[in-house]
2 protein chains.
Amino acid sequence: MGRISDSRERIVRASARLFLSRSYGAVSVDELCAAADVRKGSFYHFFPSKAELAKAVIDLHTQGLLAQLSAASGASAAERLRGVADAVGAIQTRFESKYGRIVGCPFGNLAAELSTLDDSLREHLAAAFARWEREFAVLCRQAQADGALRDGVDPDRLARSLLALAQGQILLAKVEGLSAAGIPAALRDLIDVHLREGEA
Amino acid sequence: MGRISDSRERIVRASARLFLSRSYGAVSVDELCAAADVRKGSFYHFFPSKAELAKAVIDLHTQGLLAQLSAASGASAAERLRGVADAVGAIQTRFESKYGRIVGCPFGNLAAELSTLDDSLREHLAAAFARWEREFAVLCRQAQADGALRDGVDPDRLARSLLALAQGQILLAKVEGLSAAGIPAALRDLIDVHLREGEA
DNA sequence: CCGGATGTTGACTGACTGGTCAACTACTCG
DNA sequence: CGAGTAGTTGACCAGTCAGTCAACATCCGG
């Protein structure tokens, strides 16, 4: 069945790194290849285009995100919700120490730059966001079932707000050059204000 | 004092349009010049670089944003706060009908794409966001002074959350191809949940 | 040990990139 | 009306861009 190789994986990992530290458009395929120690012909053996590579990078980040989210634990749904707020912060903190500064959300960065340019890439990103939102929604519905949410709070809308707020806070931290430390705090604020008075 | 001209303004307006409908990186200086009906030499007479043009585009959008925000009225601070939520929605709705789809926030788009690439552009964007945040903060503090906010709510943190949530919701609407109609509703949710029970 | 599949290579393309320049034109103020 | 300033022009540059290709290497199952 022919030769085996980890070239594809090297390309995706190097691209994830370079896209984060700069941007999709600012990194050329040549540079990607050099960073992955692969020649251009090999690149186009694995990916029909630079845009298809971006989808693979999105999938890699989705894996990492889901792993981090599933590590969030807690006795109550409300506590697990705070746990995912911290998980998002943990990812950003990891990026921050790896790149020396906040570099933004991998999904958000690509979404802002590319979703008006490539419709199939936009849909791929939309699916990644939907996956992420679903993780939040499960916990929000559990919190509601536990009676932890204030009256009138729609758990699905709360989940979406959490996702949107995370995106916005990460973007602001990036543009203002702040640290990642403030991000989970802001998300916890949003969670807490939706909990019934007296809920831990 | 030499010749007068509206070339500079034509360049900025055409660039604002093209950056929104595609992205900064996806539009070449040549295309910008063609859209503004200006030759390349003239472009570089007004702007030392493409990045400096981006700053002028940011300033143009800041003008528009402040105009729209100042149009928000209401009897109480809480109502004016809902008014700015609607103002943000109105801007996005205007973009949506102009471009046929949600194209994102002009500031957010540039921030995601460029703030890791050009530090002076990043600072320019940070200033624009700070200006925007200040508008929100004034109203949040007024609402607090009116006793409209729940106990323990920090008006400055609320203002920042509003800005972040707006960015996130706009980004999600863009990537999912939704309409702008849901954006003010989500912002109003955030405002309402921070108001004391029984506050209009 | 061989045949087919998988993976690798590097030279190549042609279009396009942001930016430069020197010559030129039109305008306004004194 | 003359001079200086503001604006215009189009040709030009060297580098880079994403993507192609045909020939070649390596490996595994049979």
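Reminder, nothing fancy here: chain letters follow the sequence lines and each chain counts from 1. Note: hydrogens, waters and symmetry copies are ignored here, and every other heavy atom, side chains too, is used.
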Could you tell me which residues satisfy side chain to side chain donor-acceptor pair (under 3.5 Å) with [X], sequence neighbours excluded, listed by chain and number?
| X | answer |
| --- | --- |
| B:Asp154 | none |
| B:Arg122 | B:Asp119 |
| B:Glu123 | none |
| B:Ser21 | none |

Given atom CD1 of B:Ile4 and atom P of D:dT5, what is their separation to the nearest angstrom?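 B:Ile4 atom CD1 is separated from D:dT5 atom P by 18 Å.
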Whole-Å gap separating C1' (D:dG7) and CZ (B:Arg8):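 Taking atom C1' of D:dG7 as the reference, CZ of B:Arg8 is at 14 Å.
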Check each residue of [range] for a non-hydrogen atom within less than 4.0 Å of any atom in DNA chain D, then write out the ones that pass by number, or none.
| range | answer |
| --- | --- |
| residues 110-121 of chain A | none |
| residues 25-41 of chain A | A:Val27, A:Ser28, A:Val29, A:Lys40, A:Gly41 |
| residues 42-50 of chain A | A:Tyr44, A:Ser49, A:Lys50 |

Return each pair, listed once, that meets side chain to side chain donor-acceptor pair (under 3.5 Å) where at least one residue sits in residues 83-92 of chain A; pairs must be two or more places apart or across chains.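 Side chain to side chain donor-acceptor pair (under 3.5 Å) check on residues 83-92 of chain A returns A:Asp86-A:Arg188.
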With B:Tyr24, which residues qualify under ring-ring contact (aromatic ring centres under 6.0 Å, His included), at least two apart?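 Counting only residues at least two positions away or on another chain, B:Tyr24 forms a ring-ring contact (aromatic ring centres under 6.0 Å, His included) with B:Phe19.
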For B:Phe43, ring-ring contact (aromatic ring centres under 6.0 Å, His included) partners two or more places apart: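 Only B:Phe47 meet the ring-ring contact (aromatic ring centres under 6.0 Å, His included) criterion with B:Phe43.
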Which residue pairs satisfy the salt bridge (charged side-chain N to carboxylate O under 4.0 Å, His left out) criterion with at least one member in residues 92-110 of chain A, sequence neighbours excluded?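 Residue pairs passing salt bridge (charged side-chain N to carboxylate O under 4.0 Å, His left out), neighbours aside: none found.
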Would you be so kind as to tabulate the donor-acceptor pairs closer than 3.5 Å made by side chains of residues 102-111 of chain B, with sequence neighbours excluded?
{"from": "B:Asn109", "atom 1": "OD1", "to": "B:Lys174", "atom 2": "NZ", "distance (Å)": "3.1"}
{"from": "B:Asn109", "atom 1": "ND2", "to": "B:Val103", "atom 2": "O", "distance (Å)": "2.9"}
{"from": "B:Asn109", "atom 1": "ND2", "to": "B:Cys105", "atom 2": "O", "distance (Å)": "3.4"}

Under 3.5 Å, is there a donor-acceptor pair between the side chain of A:Arg196 and the main chain of A:Leu149?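 Yes; at least one donor-acceptor contact below 3.5 Å.
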Under 4.0 Å between a side-chain N/O of B:Ser5 and OP1 or OP2 of D:dA6, yes or no?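 For B:Ser5, the contact criterion (side-chain N or O under 4.0 Å from OP1 or OP2 of D:dA6) is not met.
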